[in-house]
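Throughout, numbering of the chain's residues begins at 1 and tracks the sequence.
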Amino acid sequence: MRLGVILGSVRHASNTAGIASFVESIIHQSFPSVTLEVIHLAQSPNHPLPFVVEDIIPAAHDLSSLPDIYADPAVRAWSATVLSWDAVLVITPQYNWGIPAPLKNSFDHLFKEWVGKPAGIITLGGHGGSKCAEQLKVVMGGGMDMRLATAMVGIQLSKEVIRTAKRWDGREELLKQYEEEVRVLVDELVQMVETPQVVKEEA
């Protein structure tokens, strides 16, 4: 199984990167058959994506035309990357009660690539990023028609790592309380990939 991991923060030094390292270690230990591709939306190849979207909405494109239909090389590369994933896991902070702009932008450049793809959500914030999680459920599960895992993880950050230059690196003792939640989430994604969604025929 190929799992894409999208980091919602584009800061060079972020708590998201530390949480991602924590999650990666759990996946490597508990799910050895899962191959990870981690995407930093500012630093990974072909990123950052442009904020100007193409004139024809992505939902209008046939799946068979992807990724070549896109005019922008970076968007074509992003499309090919997402198409190569069996599932996606979003790890993101909550910004001002919402979704970070680069993360939302990464969704908006594509459409058919997301439809039906199993997806998981891990948020972080002073209260676990719950408002961001709720918005992601609407965007990913509703707008993009992704298959959302019922299990979600909300990691509570201390004021110190939110408001100062101090950052978590993923080795903090307090993160152990979230290990089982992460395993449950990833296990659900694995099960979703192994049990494809049945498409109901219209009467």
Side-chain angles (χ1 to χ4, degrees), residues 1-10 16-49 58-59 61-70 72-92 100 102-123 133 136-137 139-141 143-153 170 178-199:
M1 170 179 152
R2 186 171 174 80
L3 177 63
V5 180
I6 304 175
L7 309 185
S9 174
V10 296
T16 305
I19 299 301
S21 295
F22 163 69
V23 172
E24 286 179 62
S25 67
I26 294 173
I27 293 175
H28 289 316
Q29 292 169 12
S30 302
F31 304 91
S33 64
V34 174
T35 300
L36 299 176
E37 181 174 16
V38 179
I39 299 295
H40 188 292
L41 293 171
Q43 299 174 4
S44 290
N46 298 300
H47 289 276
L49 294 167
H61 301 317
D62 291 331
L63 187 60
S64 61
S65 71
L66 307 177
D68 297 332
I69 194 68
Y70 298 111
D72 192 300
V75 178
R76 287 200 300 272
W78 180 227
S79 172
T81 296
V82 175
L83 285 169
S84 74
W85 295 340
D86 297 302
V88 60
L89 177 62
V90 172
I91 304 176
T92 184
L103 177 59
K104 182 62 165 62
N105 187 53
S106 74
F107 288 123
D108 290 342
H109 277 288
L110 313 177
F111 183 76
K112 297 286 176 60
E113 296 88 342
W114 302 116
V115 173
K117 194 175 294 291
I121 298 171
I122 297 177
T123 53
L136 284 171
K137 285 170 63 178
V139 171
M140 296 168 66
M144 299 296 175
D145 202 20
M146 302 171 79
R147 296 172 60 200
L148 288 184
T150 56
M152 292 195 300
V153 182
Y178 299 105
E179 286 183 356
E180 186 58 26
E181 291 181 54
V182 172
R183 288 192 187 93
V184 169
L185 170 56
V186 177
D187 183 65
E188 186 175 353
L189 290 176
V190 171
Q191 297 303 317
M192 293 168 74
V193 170
E194 293 178 351
T195 309
Q197 188 177 38
V198 176
V199 178

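A heavy-atom distance below 4.5 Å is found between the side chains of Met146 and Val88. Between Leu189 and Met1 there is a side-chain heavy-atom pair separated by less than 4.5 Å. Within the 4.5 Å cutoff, the side chain of Ile122 has no heavy atoms near those of the Val90 side chain. Residues Asp86 and Leu3 have side chains not in contact (no heavy-atom distance under 4.5 Å, counting atoms from C-beta outward). Two residues are said to be in side-chain contact when any heavy atoms from C-beta on lie closer than 4.5 Å; Val190 and Phe31 meet this criterion. At a threshold of 4.5 Å between non-hydrogen side-chain atoms, the residues Ile6 and Leu103 count as touching. Counting heavy atoms from C-beta outward, Val5 and Ile39 have side chains that stay 4.5 Å or more apart. Using a 4.5 Å cut-off on side-chain heavy atoms (C-beta onward), Ile26 and Val186 make no contact.
Thr150 and Glu188 are linked by a side-chain donor-acceptor pair at a separation below 3.5 angstrom, with hydrogens and angles left out of the test. Between the side chains of Ser30 and Arg183, at least one donor-acceptor pair of N or O atoms lies under 3.5 Å.
Within the 3.5 Å criterion, the main-chain N or O of Ala119 finds no donor-acceptor partner in the side chain of Arg147. Using a distance-only test at 3.5 Å, with no hydrogens or angles considered, a donor-acceptor pair links the side chain of Ser84 to the main chain of Thr81. Of the possible donor and acceptor atoms, one in the side chain of Ser65 sits under 3.5 Å from a partner among the backbone N and O of Asp62.
Separating the CG atom in Asp72 from the CH2 atom in Trp78 is a distance of 13.5 Å, to the nearest 0.5 Å. To the nearest 0.5 Å, atom CD1 of residue Ile19 and atom CG of residue Leu7 are 11.0 Å apart. The CD atom of Glu37 sits 4.5 Å away from atom CZ of Arg2, with the distance rounded to the nearest 0.5 Å. Within the model, atoms CG of Leu41 and CG of Asn105 stand 8.5 Å from one another, a figure rounded to the nearest 0.5 Å. We find the CD-NE2 distance between Gln43 and His47 to be 11.5 Å, quoted to the nearest 0.5 Å.
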Applying side-chain contact (heavy atoms from CB on, under 4.5 Å), run through Asp145 and Met140 and close with a yes or a no.
CA-CA 6 Å; Asp145 202 20; Met140 296 168 66; over 6 Å; no
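By the side-chain contact (heavy atoms from CB on, under 4.5 Å) test, Lys137 pairs with Ile121, Glu134, Leu148, Met152, sequence neighbours left out.
Across all their heavy atoms, Ala42 and Val10 have their closest contact at CB-CB, 3.8 Å. Pairing each heavy atom of Ile91 with each of Ala20, the nearest pair is CD1-CA, 3.9 Å. Between Ala74 and Leu49, the shortest heavy-atom contact is O-CD2, 3.8 Å. Here the closest non-hydrogen pair linking Thr92 and Gly8 is OG1-CA, 3.4 Å. When all heavy atoms are compared, the tightest approach of Val182 to Val153 is N-CG2, 4.1 Å. Closest approach of Leu185 and Ala151 over heavy atoms only: CD1-O, 3.1 Å.
We find that Lys104 and Asp108 are joined by a salt bridge, their nearest charged nitrogen and carboxylate oxygen being less than 4.0 Å apart.
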N/O donor to acceptor pairs below 3.5 angstrom from side-chain atoms of residues 111-118, sequence neighbours left out:
unit_1 : atom_1 : unit_2 : atom_2 : d
Lys112 : NZ     : Ala59  : O      : 3.3
Lys112 : NZ     : His61  : O      : 2.6
Glu113 : OE1    : Tyr70  : OH     : 3.4
Glu113 : OE1    : Phe111 : N      : 3.0
Glu113 : OE2    : Tyr70  : OH     : 2.8
Glu113 : OE2    : Ser79  : OG     : 2.7
Trp114 : NE1    : Phe107 : O      : 3.1
Lys117 : NZ     : Val82  : O      : 3.2
Lys117 : NZ     : Trp85  : O      : 2.7

